[in-house]
Amino acid sequence: SVHLRVVPFDESVHGPSDPPPRTSGVRGTDLVAALASVGEQGRFSDADGVLLLTDGGDEPVIPATLPAMPLALVGIGTPSTSWNDIGLGAVTVPDAVEEGAEYDLAAEVFAGQGTPAAPLAGIKVALDAWQEGNPGSWSEVQSKTVNLQSFRAAVSFHLRAGTGTAGDRYRLRLPELPGELTYADNTRTVAVALRKRSLHVLYFTQELGSDYKYLRSELAADPGIAFTAMYRVLDDRFTVQGDRTGAENLDRGLPADDAALRRYDCILLGSFPASLLSDAQASALVRYVEGGGALVLLGGEASFGRGGYDRSKLAPLIPWAISKDEAPLTPGGFPVGVNPAGTAVAFTAGWREALAAAGGAPLDSVNQPGNLRPGALSLLDATVSGRAQPVVALEPYGKGQVLGIATNTLWHWATAGAELKGLYGKFWRQTLRGLTQKTEGGAKLALRWDRDRYRPGESASLEVRFLDATASSASSGTLRLVGTLTGPGEGEKQDIPLTPRVGQAGLYAAQIPLPRRGDYVFHLAAYVGDHVVENDERALSVAPGLEEGASPELKKGFLREIAKRTEGVYLSESEGAEGVAAFVKEKLLSRAREAAPGLPLTDMKHVFLILVLLLLIAEWFLRRRKNLL
């Protein structure tokens, strides 16, 4: 009853007529992309299930498309802790940075407990940069030495982004020790895309505090950030420092004009009483965030409830449930840690490692504004009187985001040694970029992609917003969007529909499938009638985040999740044979019997004719007995 078909795969599943190509005798594989291809290829529609023997691949990403049949996954491999092997673990690096910006590349280095101890005291970690040319080549630019006698270590390199469109490519490299189980995890290649757009940040306060000097120094030194600061010098006059957008008069105070505020990607408010903001200014800030702006509220003596913001129009924007009776700013020494829920926020990447490398990062003061509002999320917690209290919290509001910082001594990190100074810079650089979610587009459209890089089997999410001048024509139906995706194959092209978001005028969304590795190009055109009013194009590079063999350990959790989603089963290596037999009996054969179609009588040769004759004879006898003949 069971028929097996064994098929080879690399980045997709192949048949006898199209075997996987080999390069220098090596066949590169991508398990996630191969699983996605099984779900998309019609030639497997007659199969009742899939049996797969695997260690889980290098990169455990759930593909957007899975086979519509149960999977029996047999996990192959021994615990990596027992290996004679050194390798590179998690590597943290931004997906994209502005040209000339500084950033950190951090990596975990590990050793299996079966590795001889002698060479582990001084393992060199080399960083190579890709040099363009014909042909290109790798060149070592930095190196550090780590001690792996405790089997774990961390290493970090400080880098400055280049210029141009190609982006930066780096390779981390470990030495190849004699007798290692594999050398495939001794190298890791990473790529960082480059952006030309700058972030425009406005810092507004009534009087300067000690934090301003260090905040301005950090942000003004970042070539990707245009930093503008304004503070009061007279009752109705403000001093303006830094970059200006050239389109508003900041000398008279914070603009209450929506168009003027929208020129900034992020606004930082210092610690001052709410009464120093007019109703028009407060209302403009609320509309700014509702429309997609980013707002940062700094702590201090006159912040949150202590500053009267509980009675302000800004109260709903604050991540805490504030009140006028909240405790005053509390001095002391308060250890800080990354909240586990905060690690799900992309721009907190590397914070935990940086805190560990610095040996901790206490705060010398905290506000205590109250409990978090529903929907708010703690990113950093401070230990106050033996309990964890959110000290940096994020709250979505409308289409924008608000970050509350319940301390006025974060700047102390910038004066407390190289490790904490690096953490201070990382905090602000990553936070501002994450909050603003900078969009692409032109005069009529704003495009927001969910990420900068994709791997095979994933889908790209795109939001397209019509700007104010075209929103009315979009809602009336006179303006339409046409999306087209060109794939890596010759002549590969498909239309991508963009659907309106319910209840959000002028906002459209699209899901763009990226089934296999290669270079895709997405083209978006906006039409009024037959006339094109705007075009936008983006190249999408689709590739695995890890090279084959870079992460060879068995990934049980990932395989169990895949099996669960396909109503299949995960089996360990020891239970593989019996488990597969039980799986075939319970899952596949029962399903095949349920789905087996009935056999038409007309296909049974002479049986159908015989049945008809028997029916006629029976009818004749009945009629004779009832004297009907």
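It should be emphasised that the depicted structure is a prediction, and the values quoted were computed from it without experimental measurement. Hydrogens, waters and symmetry mates play no part in the numbers below; they use all other heavy atoms, side chains included.
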Using modelled atom types and a 3.5 Å cut-off, is there a donor and acceptor pairing between side-chain atoms of Glu534 and backbone atoms of Ala526? no
Quick one: does any side-chain atom of Glu575 pair with a main-chain N or O of Ser572 as donor and acceptor, under 3.5 Å? yes
Which heavy atom of Pro175 sits nearest a heavy atom of Ile86, and at what distance? O-CD1, 3.6 Å
Applying side-chain contact (heavy atoms from CB on, under 4.5 Å), can you list everything that pairs with Tyr527, at least two apart in sequence or on another chain? Arg480, Val482, Ala525, Val532
Rounded distance (nearest 0.5 Å) linking atom OG1 of Thr187 with atom CG of Leu174: 8.5 Å
In Å and rounded to the nearest 0.5 Å, what is the CG to CG distance from Leu559 to Leu571? 10.5 Å
Which pair of heavy atoms, one from Gln149 and one from Ala117, lies closest together, and at what distance? NE2-O, 4.5 Å
Which heavy atom of Gln494 sits nearest a heavy atom of Pro513, and at what distance? NE2-CG, 4.3 Å
Does any N or O in the side chain of Lys555 come within less than 3.5 Å of the main-chain N or O of Pro60, such that one atom is a donor and the other an acceptor? no
Under 3.5 Å donor-acceptor pairs involving side-chain atoms of residues 69-83, not counting sequence neighbours:
{"from": "Thr78", "atom 1": "OG1", "to": "Trp83", "atom 2": "NE1", "distance (Å)": "2.9"}
{"from": "Ser82", "atom 1": "OG", "to": "Pro79", "atom 2": "O", "distance (Å)": "2.9"}
{"from": "Trp83", "atom 1": "NE1", "to": "Pro79", "atom 2": "O", "distance (Å)": "3.3"}

Under 3.5 Å, is there a donor-acceptor pair between the side chain of Asp85 and the main chain of Glu180? no
Between the CG atom in Leu514 and the CG atom in Leu485, the distance rounded to the nearest 0.5 Å is 6.5 Å
Please name all residues satisfying side chain to side chain donor-acceptor pair (under 3.5 Å) with Arg565, sequence neighbours left out, ordered by chain then number. Glu561
Surrounding CD of Glu176 (heavy atoms of other residues, nucleotides or ligands, distance under 6.0 Å), is the total greater than 12? yes
Among all residues two or more places apart in sequence or in another chain, which pass the side-chain contact (heavy atoms from CB on, under 4.5 Å) test with Ala129? Gln131, Val141, Tyr170
Examine distances only and state if a side-chain atom of Glu586 and a backbone atom of Phe583 form a donor-acceptor pair shorter than 3.5 Å. no
Would you please name every residue forming a side chain to side chain donor-acceptor pair (under 3.5 Å) with Ser461, sequence neighbours left out? Gln511
Using modelled atom types and a 3.5 Å cut-off, is there a donor and acceptor pairing between side-chain atoms of Asn186 and backbone atoms of Gly87? no
Arg171: which residues meet the side chain to side chain donor-acceptor pair (under 3.5 Å) condition with it, sequence neighbours left out? Asp128
Look up atom CZ in Arg538 and atom OH in Tyr520, then write down how far apart they are to the nearest 0.5 Å. 15.0 Å
Which salt bridge (charged side-chain N to carboxylate O under 4.0 Å, His left out) pairs, counting each pair once, include a residue from residues 140-150, with sequence neighbours left out? Lys124-Glu140, Glu140-Arg173
Taking Asp58 for its side chain and Gly549 for its backbone only, find out whether a donor-acceptor pair lies under 3.5 Å. yes
Nearest 0.5 Å please: distance from the CZ atom of Arg188 over to the CG atom of Leu127. 13.5 Å
What verdict does the side-chain contact (heavy atoms from CB on, under 4.5 Å) test give for Val190 and Arg169, after you've listed the backbone C-alpha separation in whole Å, the side-chain angles of each residue and the deciding distance to 0.1 Å? CA-CA 6 Å; Val190 296; Arg169 289 180 62 197; over 6 Å; no
OG1 on Thr145 to CD1 on Ile123, rounded to 0.5 Å: 9.0 Å
Can you list the residues that meet the ring pair (Phe, Tyr, Trp, His ring centres under 6.0 Å) rule with Phe522, with sequence neighbours excluded? Trp449
Taking only residues two or more places apart in sequence or in another chain, which ones pass side chain to side chain donor-acceptor pair (under 3.5 Å) with Asn84? none
Hey, can you pull the donor-acceptor pairs under 3.5 Å for the side chains in residues 103-114, sequence neighbours left out?
{"from": "Tyr103", "atom 1": "OH", "to": "Asp168", "atom 2": "OD2", "distance (Å)": "3.2"}
{"from": "Asp104", "atom 1": "OD1", "to": "His158", "atom 2": "ND1", "distance (Å)": "2.7"}

Which atom pair, heavy atoms only, marks the closest approach of Gly375 to Pro396? O-CD, 3.6 Å
Contacts of Pro119 meeting side-chain contact (heavy atoms from CB on, under 4.5 Å) (sequence neighbours excluded), chain-then-number -> Pro116, Leu177
Closest non-hydrogen atoms of Val146 and Ala154, given as atom of the first, atom of the second and distance, are CG1-O, 4.2 Å
List for me each residue that meets side-chain contact (heavy atoms from CB on, under 4.5 Å) alongside Ala184, sequence neighbours excluded, and say none if there are none. Thr182
Which heavy atom of Thr343 sits nearest a heavy atom of Pro340, and at what distance? OG1-O, 2.6 Å
